[in-house]
Amino acid sequence: MISTQMLNKEQQEGVLTTEGPVLILAGAGSGKTRVLTNRTAYLIDEKGVSPYNILAITFTNKAAAEMKSRINEIVGFGSDGVWVSTFHSCCVRILRRYVDRMGYDTAFTIYDTDDQKSLMKDICKRLEIDTKMYKEKMFLNAISAAKNELIDPSDFLARAEGDFKQLKIATVYAEYQKQLLKNNAMDFDDLIMKTVELLSVDNEVREYYQERFHYIMVDEYQDTNRAQFMLIKLLAGKYKNLCVVGDDDQSIYKFRGADISNILDFESIYPNAKVIKLEQNYRSTQNILDAANQVIANNRGRKPKALWTEKEAGDRIVFEQFESASEEAYFIANDIKKSVKQAECNYNDCAVLYRTNAQSRLLEERFVANNIPYKLVGGVNFYARKEIKDILAYLKTIDNGKDDIAVTRILNVPRRGIGMTSQNKVMDYAYNKGISFYDALKEGDRVPGLSRAVGKIRPFVDLIENCRDMLFHNSPVKVLEYLIKETGYVEELEAEGTDEAKARIENIDELITKMVDYEQRADEPTLGEFLEEVALVADIDSYDEDGDYVVLMTLHGAKGLEFPRVYMSGMEDGIFPSYMCITADDPDELEEERRLCYVGITRAKSHLTMTAARTRMIRGETQYNAVSRFVKEIPKELLKGYVKKNSTDNMPRSDTFRKAKQAFKSKPFSATPMQTYNNMQRQGIVLDYKEGDRVSHIKFGEGTVQKIVQGGRDFEVTVDFDQVGVKKMFAMFAKLKKV
DNA sequence: CAGCCATATCTTTTT
DNA sequence: GATATGGCTG
């Protein structure tokens, strides 16, 4: 039974307004999940709606699972019937049932980014595209963007309007779709787009689902793209009881096609929509909320809103700048350790957030050294690891022999002595005969030019066929175990004996465990369903807030979560906001970064610490970065000790550094590795070039030395570069070479 | 055909 | 710094 007395007035309104379109603008920490779960409970308990007629859509499995369990807590029995799922799994469910009406096999496989890349590579090779000119990734990005906008290959061609590059993309796009269909596979974007297509084209299917879903709710609506928008519009087409929840200030997935106008224009698309604003924040202290409000206030083009809280001011925000990124990591690790020791918090109260996954490395090292339990979320997905992808490719081959990408991946893994030459011969044969790669392997003796290789291919085909036969009478796990034994995959790793090989074996064991777990959960376990589940998990799904560990993740990953103590690391211009956004002509990109900052700040309940480093290694180059402009947007009164010690002041410490910075104030500065720097310092600097000499620079290319001036401990060298013009730089950093 | 070494490119963010 | 690719050799 639900009780509305725990809800504020606006929240109650959100729960009780069940009919017609509703837009809930829910600020960070304003209890939107509570509204959604209570609303569902209200529909079932009070309005007698069948759970079967309710659909709730989220972005991650974790969010879906949480909503499900919270509905369960309130409603108890009967809530199982509610469809709570992610966009992608919802679409898969629909497609598995009806996609055969569009020429696909309902047993299609789902391609992840890796698979897409492999396929694209093959296509570029076949179409003889110079991948130096046009990168595979460029095509994939363009295709993904098109799919998010529901633009199919023929639309794309029509829009190309004679533009050479666009025409090229159109050709590749068409071929890509053709190959996907042939492989009986779909990529992530297809899942949404094909569902929209199915619902648009097939009246019977559309009416079925429209009739089924009397009530639809969508979480994180600000992150929907055009395709997802259409999907929802189609599904809600009959009853129009659509409730969307979102916050335009937390829209951070534009790069993935999210269209903020979906939420901003909701009222004009659904004219009689009721709009409810949730502005009371229940999560953060006043200081944290003030900081968030002040930062986000710098964005134009947002729906005006003001978050408020009844909470006390709380601690001020800590900001610290360090000489290097490792010192930063050292500080964060120590600070967490200290706080736990003093019983101020547990490890799982703490989260360390950063802009890019690469930043996690130093933190991890520090955490290991300090014996701090931590969990890294994101980065390389478990299912993206080599050994896991190999095993999954076997399973995919068993499940869907049409998936050429999977078959080619494992044909020679472990080594069977089948090289590229043989593989290409089979591939050509398959292409000419219009059959799948695997089917071509089966008739290997008829492939021209395959002499000895036939004998090597045979055992591979037999293995796959045996597994398929086994599947009729055995559980998928049995087949998996048989497979691992027969291929000798683990055996080979054991023989290797390295730590890395051991870690791989552990991962494979983990995969078996996951499959066992799946079989126990499923009513009727099938290999296909397992593969599907595996394809659609995000790393965040495995994060469990009950375990006592610090969590490390990107700011993007943290959306929707909250922690008593939050550390935002790498608060530097060039890192966050990223260099790409600073240099972009489009000011919207900076605004998106600012929203990301807003998301980060509002994750914190009571303690927020921001850190920055003066120097940081990025891709093997040392960068010097200024303090993030976002830090400067926070009023100083909210910061603890902003101008106190010299370790936290804004001026660079060393004379050399200050001058270096002046010379390179516009760009993040790549310096020579520290090794050389130290050598030079020890030896005193000897320049092997003089004024008028031709020199070359690692980044700027060749140029002529105009002036050399002794400055402090280093030489200030002025060079007129052929490509980029005159630059002033310090010899110590510039690493100029005489040519 | 496989294993080794040189090189090139990468990085924002993810279902 | 790390990983993917390409060329070479045994």
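Every chain is numbered from 1, with letters handed out A, B, ... down the list of sequences.
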- At their closest point, which heavy atom of Asp112(A) faces which heavy atom of Phe188(A), and how far apart are they?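 Between these two residues, the closest heavy atoms are CA-CE1, 4.1 Å.
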- Message: For a quick test of reading the model, state the closest non-hydrogen atom pair linking Gly378(A) to Asn357(A) and the distance between them.
- Response: C-OD1, 4.2 Å
- Query: Do we get Arg96(A) above Phe108(A)'s six-membered ring, with its NZ or CZ under 6.0 Å from the centre and within 45° of the axis?
  - Reply: yes
- Item | Geometric cation-pi criterion Lys396(A) and Tyr111(A), 6.0 Å radius, 45° cone |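 No, Lys396(A) does not sit over the ring of Tyr111(A).
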- Message: Going by side-chain hydrogen bond (donor to acceptor under 3.5 Å, both in side chains), name the residues that satisfy it together with Lys456(A), two or more places apart in sequence or in a different chain.
- Response: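 Partners of Lys456(A) under the side-chain hydrogen bond (donor to acceptor under 3.5 Å, both in side chains) test: none.
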Is a donor from one side chain sitting under 3.5 angstrom from an acceptor on the other, for [X] and [Y]?
{"X": "Glu387(A)", "Y": "Asn507(A)", "result": "yes"}
{"X": "Tyr176(A)", "Y": "Asp187(A)", "result": "yes"}
{"X": "Gln359(A)", "Y": "Thr356(A)", "result": "yes"}
{"X": "Ser628(A)", "Y": "Glu572(A)", "result": "no"}

Within the 4.0 Å heavy-atom criterion, would you say [X] contacts the bases, only the backbone, or no part of the nucleic acid?
{"X": "Ile418(A)", "result": "sugar-phosphate"}
{"X": "Lys135(A)", "result": "sugar-phosphate"}
{"X": "Phe59(A)", "result": "sugar-phosphate"}
{"X": "Glu592(A)", "result": "nothing"}
{"X": "Phe576(A)", "result": "nothing"}
{"X": "Asn61(A)", "result": "nothing"}

Which nucleotide, [options], lies nearest any side-chain atom of [X]?
{"X": "Thr86(A)", "options": "dT13(B), dT15(B), dT11(B)", "value": "dT15(B)"}
{"X": "His88(A)", "options": "dT15(B), dT13(B), dT11(B)", "value": "dT15(B)"}
{"X": "Lys137(A)", "options": "dT11(B), dT13(B), dC1(B)", "value": "dT11(B)"}

- Shoot me the first and last contacting nucleotide of DNA chain C against chain A, ordered 5' to 3', at under 4.0 angstrom to non-hydrogen atoms. dG1(C) to dT5(C)
Pairs under 3.5 angstrom, nitrogen or oxygen only, protein versus nucleotides 3-7 of chain B, please.
unit_1 : atom_1 : unit_2    : atom_2 : d
dG3(B) : OP2    : Arg415(A) : NH1    : 2.9

- Query: On a whole-Å scale, what distance lies between the P atoms belonging to dT13(B) and dA4(C)?
  - Reply: 16 Å
